[in-house]
Visitor: 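Once you've had a glance at the structure underneath, I'll fire off some questions.
Since the model is a prediction, treat every value here as computed from it, not as a measurement.
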Amino acid sequence: ALASFEREDLKSKVLENPSFRQSLELVPEIRELIGDFYASRYASCLSSLQALKPRLLLDLYLSSHVEDLYARIRCKALVQFFSPYTSVYMAPMAEAFNTTVAGLEKELVQLIMQGKIQARIDSHNKILYARQANQRNATFQQALEMGGDLVRDTDAALLRINLLRHDLVVRCGHNPPQQTNHA
């Protein structure tokens with residue numbers, strides 16, 4: 001769930017799900033780990049996950065997937081951490097993820113190259129900047145599209161009005177016109 005669910009899904013399908021909550025009560029370490037992830041306490045979450053790793057590696061079915069799942073969870077945490085910001089100093093971010101700034105920078109470079117984070121790194125000042133689409137250009141393009149739609153709809157309405165004004169009605173060719181009694 002941590003590797004694949006969005007925040008809302010994690011809350012509704014895991015934390016607030018009555019049947020799943022009963023299962024979580026049996027394994028309090030997992031419940032706390034999920035709670036930490038949801039509450040954005042990533043250092044605590046990742047250290048708890050690291051502590052669980054030896055037990056997970058002993059699982060016959062899960063052992064071959066543990067490293068990949070751990071990497072995906074860490075990636076998801078990094079993306080969630082950065083998403084509300086336009087820029088972040090990497091030192092506090094590294095502290096939040098129990099890593100060095102150099103290690104974090106390598107992870108972020110990989111995420112940027114994979115397209116998971118739309119950002120750029122100022123390596124000299126150790127700041128991660130979000131790449132933002134040109135809002136002015138996007139707004140202008142949206143306004144042009146709306147204007148085009150308005151012109152098309154107005155032309156269609158004028159055509160219908162003129163057709164009705166001049167009693168131009170198109171009927172199917174196979175039905176004879178009905179006689180009307182004008183009195």
Visitor: So does Lys116 have more than 12 non-hydrogen atoms from other groups sitting under 6.0 Å from NZ?
Guide: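 Atom NZ in Lys116 is not crowded, with 12 or fewer foreign heavy atoms closer than 6.0 Å.
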
Visitor: Under 4.0 Å between a side-chain nitrogen and a carboxylate oxygen: does that hold for Lys11 and Glu6?
Guide: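 Salt bridge: no.
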
Visitor: One pair to check against side chain to side chain contact (heavy atoms under 4.5 Å, CB included): Tyr89 and Lys126. What are the steps and the verdict?
Guide: CA-CA 6 Å; Tyr89 283 101; Lys126 302 299 182 193; over 6 Å; no

Visitor: Rounded to the nearest 0.5 Å, what's the gap from CG on Asp122 to CG on Leu128? Could you check?
Guide: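 Spacing of CG (Asp122) from CG (Leu128) equals 10.0 Å.
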
Visitor: Starting at CD1 of Ile117, measure out to CG of Leu111 and round the result to the nearest 0.5 Å.
Guide: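 So the gap between those two atoms works out to 4.5 Å.
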
Visitor: From Leu49 CG over to Ile73 CD1, what is the distance, rounded to the nearest 0.5 angstrom?
Guide: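 Reported to 0.5 Å precision, the distance equals 5.0 Å.
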
Visitor: To check you understand the geometry: which heavy-atom pair defines the closest contact between Arg7 and Ala39, and what is its length?
Guide: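 Here Arg7 and Ala39 meet closest at NH2-C, 4.2 Å.
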
Visitor: Establish whether Leu58 and Leu26 are linked, either directly or via other cluster members, by ILVMFWY side-chain heavy-atom contacts under 4.5 Å.
Guide: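 Each belongs to a different hydrophobic cluster.
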
Visitor: Are there more than 12 heavy atoms of other residues, nucleotides or ligands under 6.0 Å from atom CD of Glu95?
Guide: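 Counting neighbours around CD of Glu95, 12 or fewer heavy atoms of other residues, nucleotides or ligands fall under 6.0 Å, so no.
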
Visitor: Is Glu25 atom CD crowded by more than 12 heavy atoms from other residues, nucleotides or ligands, each under 6.0 Å away?
Guide: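 More than 12 heavy atoms, drawn from other residues, nucleotides or ligands, come within 6.0 Å of this atom.
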
Visitor: Before giving the answer on side chain to side chain contact (heavy atoms under 4.5 Å, CB included), spell out for Leu78 and Met93 the whole-Å C-alpha distance, their side-chain angles and the decisive distance to 0.1 Å.
Guide: CA-CA 9 Å; Leu78 285 165; Met93 190 174 179; 3.8 Å; yes

Visitor: Quick check: is Leu158 connected to Val151 through a chain of hydrophobic side chains (ILVMFWY, heavy atoms under 4.5 Å apart)?
Guide: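 No; tracing contacts between hydrophobic side chains, which count when under 4.5 Å, never links both residues.
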
Visitor: From Leu104 CG over to Asn98 CG, what is the distance, rounded to the nearest 0.5 angstrom?
Guide: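 The CG atom of Leu104 sits 11.5 Å away from the CG atom of Asn98.
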
Visitor: So that I can tick it off, tell me whether Arg152 and Asp149 are bridged by a salt bridge, with the cut-off set at under 4.0 angstrom between side-chain N and carboxylate O.
Guide: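 Result for this pair is yes, salt bridge flagged.
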
Visitor: Which pair of heavy atoms, one from Ala3 and one from Lys76, lies closest together, and at what distance?
Guide: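 Looks like O-CD, 3.7 Å.
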
Visitor: Ignoring hydrogens, what is the shortest heavy-atom contact between Val101 and Ala91? Give both atom names and the distance.
Guide: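 Answer, listing the atom of Val101 first, then Ala91: CG2-CA, 3.7 Å.
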
Visitor: Before you tell me yes or no, could you show the steps for Arg41 and Ser48 under side-chain hydrogen bond (donor to acceptor under 3.5 Å, both in side chains), namely the whole-Å CA-CA distance, both residues' side-chain angles and the distance that decides it to 0.1 Å?
Guide: CA-CA 11 Å; Arg41 294 186 296 263; Ser48 297; over 6 Å; no

Visitor: Is there a side-chain contact between Leu56 and Leu69, using heavy atoms and a 4.5 Å cut-off?
Guide: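 No. Closest side-chain heavy atoms not under 4.5 Å.
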
Visitor: Cluster question for you: counting only ILVMFWY and a side-chain heavy-atom cut-off of under 4.5 Å, with indirect links fine, are Phe5 and Phe20 together?
Guide: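 Yes.
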
Visitor: Report the relative orientation of the aromatic rings in Tyr42 and Phe97; use parallel for angles under 30°, tilted for 30 to 60°, perpendicular for over 60°.
Guide: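 Rings of Tyr42 and Phe97: parallel, as their planes differ by under 30°.
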
Visitor: When hydrophobic residues are tied together by side-chain contacts of less than 4.5 Å, even through go-betweens, does Tyr85 share a cluster with Ile127?
Guide: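 Each belongs to a different hydrophobic cluster.
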
Visitor: Do Thr99 and Arg74 make a side-chain contact, defined as non-hydrogen atoms from C-beta onward lying under 4.5 Å apart?
Guide: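 In contact.
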
Visitor: Do Val66 and Asp59 pass the side chain to side chain contact (heavy atoms under 4.5 Å, CB included) test, and can you show the C-alpha distance, the side-chain angles, and the key distance before you say yes or no?
Guide: CA-CA 9 Å; Val66 169; Asp59 187 292; over 6 Å; no

Visitor: Is Glu67 salt-bridged to Lys53, cutoff N-O under 4.0 Å?
Guide: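 Judged by the 4.0 Å cut-off on N to carboxylate O distance, Glu67 and Lys53 do form a salt bridge.
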
Visitor: May I ask you to check whether over 12 heavy atoms, not counting those of Arg21, lie within 6.0 Å of atom CZ?
Guide: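 More than 12 within 6.0 Å, yes.
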
Visitor: Are Tyr129 and Phe82 connected in a single hydrophobic cluster, I mean Ile/Leu/Val/Met/Phe/Trp/Tyr linked by side-chain heavy atoms less than 4.5 Å apart?
Guide: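 Result: no, two separate clusters.
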
Visitor: If I take atom CG from residue Leu46 and atom OH from residue Tyr70, how far apart are they, to the nearest 0.5 angstrom?
Guide: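 Here the rounded value is 5.0 Å.
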
Visitor: Taking the side chain as everything from C-beta on, heavy atoms only, tell me whether Phe81 gets closer than 4.5 Å to Val88.
Guide: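 SC-SC contact between Phe81 and Val88 confirmed.
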
Visitor: Pair Ser123, Glu105 - check side-chain hydrogen bond (donor to acceptor under 3.5 Å, both in side chains), show working.
Guide: CA-CA 8 Å; Ser123 293; Glu105 189 171 356; 2.7 Å; yes

Visitor: So with a 6.0 Å cut-off around CZ of Arg55, is the heavy-atom count from everything else above 12?
Guide: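 Incorrect, the count does not exceed 12.
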
Visitor: Using 0.5 Å steps for rounding, measure from the CD atom of Glu145 to the CG atom of Leu150.
Guide: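 It is 13.5 Å, given to the nearest 0.5 Å.
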
Visitor: Apply the test side chain to side chain contact (heavy atoms under 4.5 Å, CB included) to residues Leu2 and Val14: give CA-CA distance (whole Å), side-chain angles for both, the deciding distance (0.1 Å), then the verdict.
Guide: CA-CA 10 Å; Leu2 293 179; Val14 177; over 6 Å; no

